[in-house]
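Numbers here simply count residues along the sequence, with the first being 1.
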Amino acid sequence: IIFIASRVAIQKTVDHNYQGTVFGASILLTSVMATFFSLIAARTVGTLGYVSTLYLGGVGMLVATVGVAFLVWKWLYART
């Protein structure tokens, strides 16, 4: 689904002659990033353990969600 959405965004912003190149580059970049983050995840699980990694990931996502919610609230209501 993300690739379809990115393809639509590319069609709106990039000249037609370069769309295939940009889309191919985004796929390559995604695969390189997946490899890199896969190694980091394997090292984290090996160091901390599986359950601790899940717990810390959940806490990190909770903190990120609260941070984004705070920024949205600040943007919508605290600007006046």
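Of all heavy-atom pairs between Thr53 and Thr44, the closest is OG1-O, 3.7 Å. For Gln19 against Gln11, the heavy-atom pair with the smallest separation is NE2-CA, 3.4 Å.
To the nearest 0.5 angstrom, Leu29 atom CG is 6.0 Å from Met33 atom CE. The CG atom of Leu76 lies 11.0 Å from the CG atom of Leu71; values are rounded to the nearest 0.5 Å.
By the rule that hydrophobic residues join a cluster once side-chain heavy atoms approach within less than 4.5 Å of another member, Val72 and Phe70 end up as members of one cluster. Under the 4.5 Å side-chain heavy-atom criterion for Ile, Leu, Val, Met, Phe, Trp and Tyr, Val68 and Met61 are members of distinct hydrophobic clusters. Leu48 and Leu54 fall into different hydrophobic clusters, where Ile, Leu, Val, Met, Phe, Trp and Tyr are joined by side-chain heavy atoms under 4.5 Å apart, directly or via other members. Residues Tyr55 and Val45 do not share a hydrophobic cluster, clusters being chains of Ile/Leu/Val/Met/Phe/Trp/Tyr side chains in contact below 4.5 Å. Hydrophobic clustering of Ile, Leu, Val, Met, Phe, Trp and Tyr side chains at less than 4.5 Å, counting indirect connections, keeps Leu28 apart from Phe23.
No donor-acceptor pair closer than 3.5 Å links the side chain of Ser52 to the backbone N or O of Gly49.
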